[in-house]
Amino acid sequence: MDKNILIGGAAGQGIDTLGDMIGKTLSRKGYYVHVSKDFMSRIRGGHNFNQIRFSNGPIYSHWPDLDCIIALDEATVELHADRLREGGVILCDDSVKAEDDRIIHIPMVEFAKEAGNVRTSGSVAAGALFKIFGESTDEVDEIFQQRFKREIAEVNSLAFRKGYDFVEKRFEVERPEKREQIFIDATNAIALGALAGGVGFFASYPMTPATGIMTKLSRIQTDAKIVVEQVEDEISAINMALGASYAGVRSMTASSGGGYALMVEALSLQGITETPIVVVDVQRPGPATGLPTRTEQADLDFVLFSGHGEFPRMVIAVRNPEDAFYQTARALNLADKYQTQVIILSDQYLADATQTIAPFDFSMVTIERYFMTADELGDEDYKRYKLTDDGISPRIIPGKIENQIVLIDSDEHDEYGHITESAEVRRAMVDKRMKKLEGIRSEVQEPDYFGVDNPETLLLGWGSMYGPIREAVDLLNRDGESVGALIFGDLYPLPTELLNKYSKVAKRLVNVEMNYTGQLARLIRQETGIFMDKSILNYDGRQMDSYTVYKRIKEEVL
Amino acid sequence: MFDPKIYDTRDEIAWCPGCGNFGILNGIKQTLAEMGLKPHEVVIVSGIGQAAKTPHYVNVNGYNGLHGRAVPPAQGIKIANKNLKVIIHSGDGDSYGEGGNHILHGIRRNVDLTHVVHFNQIYGLTKGQASPTTAQGHVTNMQFDGNKNEELRTLLFAISVGAGFVARTFSGDKDHYVKTLKEAINYKGYALVDVLQPCVVFNRINTFQWYKDRVYDLAETDYDPTNKLEAMKKAMEFGDEGIPIGVIYREEKETYIDKISYLKDGPPLVDREWRPEEAEKYMDEYR
């Protein structure tokens, strides 16, 4: 069983609030819920929609067919009515003048006014929706109370009941077991991962779709006693974060591709100064401003190669909100351990898609800083770039050890950090820095595998394509197709064990990505010499859902 | 007072003989010694350029970063550890050219640090091109027909965007330099100090003698550095009519860290103690 709802209207009509309220209530009831957002780069007007999918079993992506549409304007009916399944309904306010015999007109605005506030018309719609799906009103009041002040919450509850009482039940839905779960997107999961991982300083410049990470951290900064600073540009963001990191505070920054581009010079500085940093790139379609509110996976090449000169880095793509939380905390530890940069790739789809997942287990997170103490240093003069077997020179916190100083330099330097042009020292320092890559390589996590044991067709994907591919593999396996999929989280250094294993078994390798050039395919080819036989790509700014992947594999591959 | 020799480093100094930077370097050591600041208590931050080599020549913590980017890491360091004395030493090209946006917003942010600009009206490291402070019409190794751009009145700019401590000193007058630097370091907030520092190789106009003939000490006049409008007028004065040195403008302001209660009254950010479980409560709103 899975049911699909679309809420559409103009920007400013409260679609997100409504989608969030419905999604969260269903989550509390124990359903698996997935809410994805499709919106235009404008604050008022245009056409935006949220898609809510819920089920009593796990779901991993949005779905094309609909059971119910809440149309806050005529455009929603025109654009989406053909996606309704048989028996589907459209809920509209009386004022929406659309012709369709599946429409149920509800005096939403009138009921909202009666309830006490015209802005609660969305809650009238939510009430009607719940009744249509035969849902009880359990959890509804609690959700309103969590979100609003008492009086506003009561008005919304009243509005909800007016909608609820106005319509008749339409669908039979299997009720889930009540489970403990959270309803969250990757934006907030990254912020929570950063907090759990002990981030102390976060500097950033607002850029869609990355802004939400800073918003979350900023909201709780006083309570958590961290510092979040909105800076003048992304150049300042990363350089300020590197300064704080040098001084001993875990530091991060986040942006989308355009802002990340401004950080590139400082990534190279990170490479030579070996100051730990975690940078999040929440991808959106480029080039340049591209499609600001839409999604793409086209920055992989860029983050792999961004920065002049040669230096080690790690690149991790997060695959869902759960992954986003744990990987962010892990990235902070790895950055400190190897005194390196860890780039986290997310994208607009993940950033804005809210899903039900098991609550994060904070006891699984550790904070490992790897600082050398005064006792360990002893009487020796501190050498920031001491040559060691593993290339890692122990760090101390500037100002913490009497008369010991920490000197870092963007010029090539000797063990103390002083400028040098010695060929011998240069070779030793490059060797030392690049040696850390071996350590980083030993940390990489293999991709997740889904599907039959010895697949004839192997799909390869990364990051946000985790959900759609995972579910598409299920559908294909149910059709009897011999298909499996490797979905990469860690991308650089590229983990190759499962890749080698399954690529030998499979007859066809197919990369499934949200870009034009097949960037994962190129990375795999470059690192292993393994070629893809076929690519399933999309670059229209809209995430492929599981059904689309399923259908395209059937039509274009099998 | 410490022995200034404790700040000596083993690095060979890569400046030209006769460079104004030597006076600045000795002045820094003298200042730190007189203030009783131990090497681990100070951080010198720089960008790239001749002036930006300073961290290598003073035995204190050093952060020699990117061209134009001295202000952001300096702010990050101070926010991370308010107990450190953070001093930027960089050139006028680094500070006002490539770093112009950071200085503007650094002033607005008002993190407690001292920004010393080695002001010689020319690019030294890249061999004699115009800096933002090079006079209009000045013929350089790049502006062969004379510099077409107007020179930036740096201190006027700083006062106009809200700087609370704006001063000028001269590398040829060590006592004045030490006195000014001390006052800047003691000032609570972002303190900007231009140091007139002749480039002996690439600037044949604004020479040691040229500066020496024009500077006059504001402390020897009845000038009041707390009057903002008068200060803006004073900050426009630069050239044959004289070059004022000393504190041009001073105003007490709340610093960035003073606006963050838990940093103002609590330990430095770097001493924050935190366990992952403490973040769990922030998950409640997603339940």
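Below, read A as the first sequence line, B as the second, and so on, with proteins coming before strands; counting in each chain starts at 1.
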Lys NZ or Arg CZ of A:Arg179 over A:Tyr32 ring: under 6.0 Å, within 45°: yes

Proximal component of [X], with respect to chain B [non-hydrogen, under 4.5 Å]:
X: A:Ile397; result: side chain
X: A:Gln181; result: backbone
X: A:Ser236; result: both
X: A:Ile226; result: both
X: A:Asp223; result: both
X: A:Asp381; result: side chain

Mutual orientation of the aromatic rings belonging to B:Phe157 and B:Tyr96 [parallel < 30°, tilted 30-60°, perpendicular > 60°]: perpendicular

Regarding [X] and [Y], does a basic nitrogen lie under 4.0 Å from an acidic carboxylate oxygen?
X: A:Glu139; Y: A:Lys178; answer: yes
X: A:Arg395; Y: A:Glu274; answer: no
X: A:Glu402; Y: B:Lys38; answer: yes
X: A:Glu229; Y: B:Arg109; answer: yes

Residues of residues 244-251 of chain A within contact distance of chain B, non-hydrogen under 4.5 Å: A:Ala244, A:Tyr246, A:Ala247, A:Gly248, A:Val249

Chain B contact residues among residues 409-418 of chain A, heavy-atom distance under 4.5 Å: A:Asp409, A:Ser410, A:Asp411, A:Tyr416, A:Gly417, A:His418

Donor-acceptor contact below 3.5 Å, side chain A:Glu368 vs main chain A:Asn333: no

Side-chain heavy-atom pair B:Ile28, B:His89 within 4.5 angstrom cut-off: yes

Name of the residue among A:Lys216, A:Lys24, A:Arg147 meeting side chain to side chain donor-acceptor pair (under 3.5 Å) with B:Glu285: A:Lys216

Heavy-atom proximity to chain A below 4.5 Å, by part of B:Ile48: side chain

Among the listed options B:Val71, B:Leu84, B:Ile6, B:Asn101, the residue most often paired with chain A at heavy-atom distances under 4.5 Å: B:Asn101

B:Tyr282 OH to A:Phe362 CZ distance, which is reported to the nearest 0.5 Å: 10.5 Å

